[in-house]
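Comments concern the structure below.
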Protein chains: 2
Amino acid sequence: MVKSEDPSIVVGDAAASKKAAKKAAKTAEKQQKKAEHKASSAQPSTESEPDFSEGLYGNMKMIQSSGEHRDRVYTDVENLSIKMDGQTVWVRARLQTSRAKGKQCFAVLRQTSSTVQLLVSVNEQRKISKQMVKFTGNITRESIVDVEASVVRTAAPVESCTIKDVELVAHQIWTVSSARSQLPLQIEDAARPEKSDEPEALKIRVNQDTRLDNRVLDLRTPANQAVFRIEAGVCRLFRDILTKKGFVEIHTPKIISAASEGGANVFTVSYFKSSAYLAQSPQLYKQMAIAADFDKVFTVGAVFRAEDSNTHRHLTEFVGLDLEMSFKQHYHEVLDTIGGTFTEMFRGLRDQFASEIATVGQQYRVEPFKFLDPPLKLEFPQAVQMLKEAGVSVGDEDDLSTPDEKLLGRLVRAKYDTDFYILDKYPLAVRPFYTMPDPGNPKYSNSYDMFMRGEEILSGAQRIHDPDLLAERARLHGVDTSKIAAYIESFRLGCPPHAGGGIGLERVVMLYLGLDNIRKTSMFPRDPKRVTP
Amino acid sequence: MVKSEDPSIVVGDAAASKKAAKKAAKTAEKQQKKAEHKASSAQPSTESEPDFSEGLYGNMKMIQSSGEHRDRVYTDVENLSIKMDGQTVWVRARLQTSRAKGKQCFAVLRQTSSTVQLLVSVNEQRKISKQMVKFTGNITRESIVDVEASVVRTAAPVESCTIKDVELVAHQIWTVSSARSQLPLQIEDAARPEKSDEPEALKIRVNQDTRLDNRVLDLRTPANQAVFRIEAGVCRLFRDILTKKGFVEIHTPKIISAASEGGANVFTVSYFKSSAYLAQSPQLYKQMAIAADFDKVFTVGAVFRAEDSNTHRHLTEFVGLDLEMSFKQHYHEVLDTIGGTFTEMFRGLRDQFASEIATVGQQYRVEPFKFLDPPLKLEFPQAVQMLKEAGVSVGDEDDLSTPDEKLLGRLVRAKYDTDFYILDKYPLAVRPFYTMPDPGNPKYSNSYDMFMRGEEILSGAQRIHDPDLLAERARLHGVDTSKIAAYIESFRLGCPPHAGGGIGLERVVMLYLGLDNIRKTSMFPRDPKRVTP
């Protein structure tokens, strides 16, 4: 509905967005029909003039695996280079934009995050007709095309494309899959850098609801292509690092018979003639895996929170990276393992995803993520002291508020030059019932949070492996022990001391990249107001 | 409740199991109290005789990370060897069995799947008292102990342990975590080989419900320790192989607004003031990721089926290994990628998990899994022909029944010597609405299943990427297109031809190992009758 060519229109009003989206869809449908008519009228041989390009362009028959063209070799856009100057290639890519002017049409082809310029120019000898140029100019944006072309060195670098030193000069062009003519958002608007040094009038933005309503288009921006490749990298690094340390991957059930961490914030599922719940975490199951001799385990999977929190960092469904590990004498054996895992992960991201991080940086201002090796470890009373010195009063046995955590993140960064740190020894009162009390000071506990850019991304602790103390603590927290009988029973079967933690994947990616909203790092986010698409 | 020493008792009656389990739990509780009394009476210095072992044995204080013994170095049982003869080591392990006879106590220590013999023998010079021997004899099975001991070469191999050439001679023994005295099942019963050449009277078995009700204990058997390590291996191999091929891992929502594959068999979730569903597959989302330019994607996660199927191979929640991939001209580009992925995975399992596979083989009869490289590919009509020749009549447009599939698996194995094969070109009528019809024969489709030991483990196809044909096929299948509007809309935004498939993790592991029930390969299985533990 919004053309980027018109800088006066700003797509950014959240309230109007849904209505606008509907209206746009209707308009788009009408215009689609028009465009289809137009496109079909641009088919070969409908013009009165003889068309010497016949058979070299048009709408390709739907690819149904008939066996045609199976030997055709395609070149990826990112691999086009000056070395191929003069070669003929086939490319399948999206037509990002096209502009026909008289006897020429300039287009940009895009494949994932790579772009190259395409020239279709009337040339009787090379069998490029006026009709073929017109056809190309009429191909709708975001359509997928097959192009046969010569790779040609450019006189001056093409600054608007990622491939700058060569362009493609078309011999054939066929649409493989046509996009509707009016798109609910333009990729170039969705990809526009969020930088404040541009003139206000040029700030065409796409608001978040419009993006999420049309996620398939929104995900095509270079930044989003990079964000979700980095997210895949976080998962891979997490698993590879832990596998190398001897951890075993497990899978824990999402459908459970009793709320795992208290009755609040849990979704109910109808389960045949009865009902069940969606797991808020794999907590009880990963501990049971420890009691079952798996020694060190991790699990990556969906966790569910029926919390009516509409913030920048809460989702109702997210991906949990959880781990649990038995230890010999001290939970710091586990704490240090987790801390080291983060350090290795940050190093892996920095070294293996430099190009993706740079791509995200072209749209969003990303300060490089700073970390120490080994990571910084503070104790809760030290944090309270730092906050006090900064003029904030926090009770010794209170949890930290979100603003306090953010302030602390800034104080820590100023003092220690790190965006990642571990805060150990939380007050017992603010932690779950299964948290092991500190042996030296009953007000504190053997528990820790870990922070990235001042926001919590991991919560963990030594767990109580003694069934009697566990039952006692559960009762103190008002937990109905009859509902977690199988869990408590696990510790009557012999269980080693153990500790662990749970990480929110989307938060890690958001904070690593310095993004401002968790919906930017969830491919199809779920919150209290959104379950589509 | 069942002692393995009494061979006349067979624990195998499914109907009686729940009741028995409850009764056993009560009995166990009583006996636990007795045992605790007994254990505490075995504490040092309660005997009248002077105890020269005082301070060398007993119940250790709960490990609460006080900082004690932090420099103690522990040796893993699997690393004990003749090279360490004469050395003193600390070992933390489970006491699997103990047998005190006069002045000696023989025990077996177990760590994961490794076992070693422990000897505690009265010896005044080495400060091993009668009381200490008695204490060791009274430690409940499955308790976790810390043992300081000398590694001593054995005169004859200890056939009952995995470590045969050395044993441990105790200096100190401490219980770290005590198991209740009466266990609901014995590990040695649960681990007993299922081989028919044993006398019937020795066949003490633990039935499946008893195992699953007490899963933490059941998982400690060597076979189960191996099964779930192999399962982790399948996941790792699947991801690593695809990542190397350029696939991107994605995460798809489990909470969805409309049933993804028709309205039946879907669980309903109450979602704030409304309701939603649990995804039956990531199908629509992985296809949307393709439309969003991710080109090749995979996802590993929970999928849910509200099917009231109580069979050996159905679960209501299982782990889906899904992949989707765009292709240029023919869906066999994808089919061959998937086939090659399986071949690589089978090779990886065979080469990297030989010891685990052998361990499973000690309890269950496992015929080595046979596969070809490249995998065997048959077309549906060929399968129908093979079945016809074997005397089974199958209609050309019918799906194969489960018994037919199994028979076909046997015929294929006899003819081609492979436990894995691909069956291509299923009748269109038996496939989901989004399946691409065969361009040459409208009765067939560009779809395939893959089989292991005659059971289906993957279903896949070329998908319809043309929005009009997709909507038409959906209507023909009676699917309400208004409910999948966002999905159909994805294909109006330009989408390359693509194909993919979905694999059931638990089935792959079950069939690779030749096990007879899918509950053996799900750590905490969910079926219509089970949501605990």
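Computed over heavy atoms, backbone and side chain alike; hydrogens, waters and symmetry mates excluded. Chain letters run A, B, ... following the sequence lines, proteins first and then strands; every chain starts at 1.
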Per-residue contact mode, A/Asp308 against chain B (heavy atom under 4.5 angstrom): both
Do the side chain of A/Arg236 and the main chain of B/Thr243 share a donor and acceptor less than 3.5 angstrom apart? no
If I measure from the heavy atoms of chain A, does B/Glu68 come under 4.5 Å with its side chain, its backbone, both, or neither? backbone
Between A/Ser65 (side chain only) and B/His330 (backbone N and O only), is there a donor and an acceptor less than 3.5 Å apart? no
Does any backbone or side-chain atom of B/Glu307 lie under 4.5 Å from a heavy atom of chain A? Answer side chain, backbone, both or neither. backbone
Hey, which of B/Met436, B/Arg92, B/Met523, B/Arg72 has the most heavy atom pairs under 4.5 Å with chain A? B/Arg92
As an exercise: rank A/Val176, A/Val248, A/Val216, A/Thr175 by heavy-atom pairs under 4.5 Å with chain B and give me the winner. A/Val216
Contacts of B/Asp424 that satisfy salt bridge (charged side-chain N to carboxylate O under 4.0 Å, His left out) - sequence neighbours left out: none
Is a donor on one side and an acceptor on the other found under 3.5 Å between the side chain of B/Ser143 and the backbone of B/Ala179? yes
Given the options A/Ala302, A/Ser274, A/Pro497, which has more heavy-atom pairs under 4.5 Å with chain B than any of the others? A/Pro497
Contacting moiety of A/Glu317, where chain B heavy atoms sit under 4.5 Å: side chain
Please classify the contact of A/Tyr487 with chain B as side chain, backbone, both or neither, using a heavy-atom distance under 4.5 Å. neither
Taking atom types as modelled, find out whether A/Tyr74 and A/Gln111 have a side-chain donor-acceptor pair closer than 3.5 angstrom. no
Selection from A/His69, A/Met62, A/His251, A/Arg70 maximising heavy-atom pairs under 4.5 Å formed with chain B: A/Arg70
Steps toward salt bridge (charged side-chain N to carboxylate O under 4.0 Å, His left out) verdict (A/Glu249, B/Arg239): CA-CA 13 Å; A/Glu249 180 176 16; B/Arg239 289 183 306 240; 3.0 Å; yes
For the residue pair B/Phe524 and A/Tyr285, is the inter-centroid distance of their aromatic rings smaller than 6.0 Å? yes
Segment of B/Tyr271 engaging chain A (4.5 angstrom heavy-atom cut-off): both
Region of B/Arg526 that comes under 4.5 Å of a non-hydrogen atom in chain A: both
Ranked by heavy-atom pairs below 4.5 Å to chain A, first place among B/Ala486, B/Ser270, B/Pro533 goes to B/Ser270
Strictly distance-based, threshold 3.5 Å: is any side-chain N or O of B/Asn446 a donor or acceptor partner for the main-chain N or O of A/Gln64? yes
Can you say whether A/Met288 sits under 4.5 Å from chain B via the side chain, the backbone, both, or neither, judging by heavy atoms? both
Side chain / backbone / both / neither for B/Ser522 at chain A, heavy atoms under 4.5 Å: neither
Can you tell which part of B/Gln462 gets under 4.5 Å to a heavy atom of chain A, answering side chain, backbone, both or neither? side chain
Under 4.5 Å from a heavy atom of chain A, the part of B/Ile250 involved: side chain
Side-chain H-bond candidate by donor/acceptor type, B/Gln225 with B/Thr112, under 3.5 Å: no
Under 4.5 Å to a heavy atom of chain A? For B/Leu505 that would be side chain
Contact class of A/Ala292 relative to chain B, heavy atoms under 4.5 angstrom: both
May I ask you to name which of B/His332, B/Glu231, B/Lys328, B/Lys273 has the most heavy-atom pairs under 4.5 Å with chain A? B/Lys328
Which bit of B/Pro437 is near chain A, if near means a heavy-atom gap under 4.5 Å: side chain, backbone, both or neither? both
Is there a donor in the side chain of A/Gln287 and an acceptor in the side chain of A/His498, or the other way round, less than 3.5 Å apart? yes
Checking heavy atoms, do the side chain of B/Ala232, its backbone, both or neither come under 4.5 Å from chain A? both
Among the options B/Asp240, B/Thr252, B/Val319, B/Asp146, pick out the one with the most heavy-atom pairs lying under 4.5 Å from chain A. B/Val319
For the candidates A/Val531, A/Leu219, A/Asp293, which exhibits the highest count of non-hydrogen atom pairs separated by less than 4.5 Å from chain B? A/Asp293
Is it the case that the side chain of A/Glu142 and the backbone of A/Arg94 share a donor-acceptor pair, with hydrogens and angles ignored and the cut-off at 3.5 Å? no
Closer than 3.5 angstrom, by distance alone: can the side chain of B/Asp466 be matched with the main-chain N or O of B/Leu469 as a donor-acceptor pair? yes
So, using salt bridge (charged side-chain N to carboxylate O under 4.0 Å, His left out) as the criterion, who are the partners of B/Asp218 when residues are at least two apart? B/Arg211, B/Arg215
Heavy-atom pairs under 4.5 Å with chain A, option from B/Pro496, B/Ala485, B/Ser275, B/Pro467 with the top count: B/Pro496
For B/Asp438 and B/Ser445, which I'm curious about, is there any donor-acceptor pair between the side chains at under 3.5 Å? no
I'd like to know if the side chain of B/Arg530 reaches the main chain of B/Thr532, judged simply by a donor and an acceptor atom lying under 3.5 Å from each other, with no hydrogens or angles considered. yes
Name the region of A/Val269, side chain, backbone, both or neither, that has any atom closer than 4.5 Å to a heavy atom of chain B. both
Under 4.5 Å from any heavy atom of chain A, what part of B/Tyr277 do you find: side chain, backbone, both or neither? neither
Any idea which of B/Ala276, B/Ser257, B/Ser113 has the most non-hydrogen atom pairs under 4.5 angstrom with chain A? B/Ser257
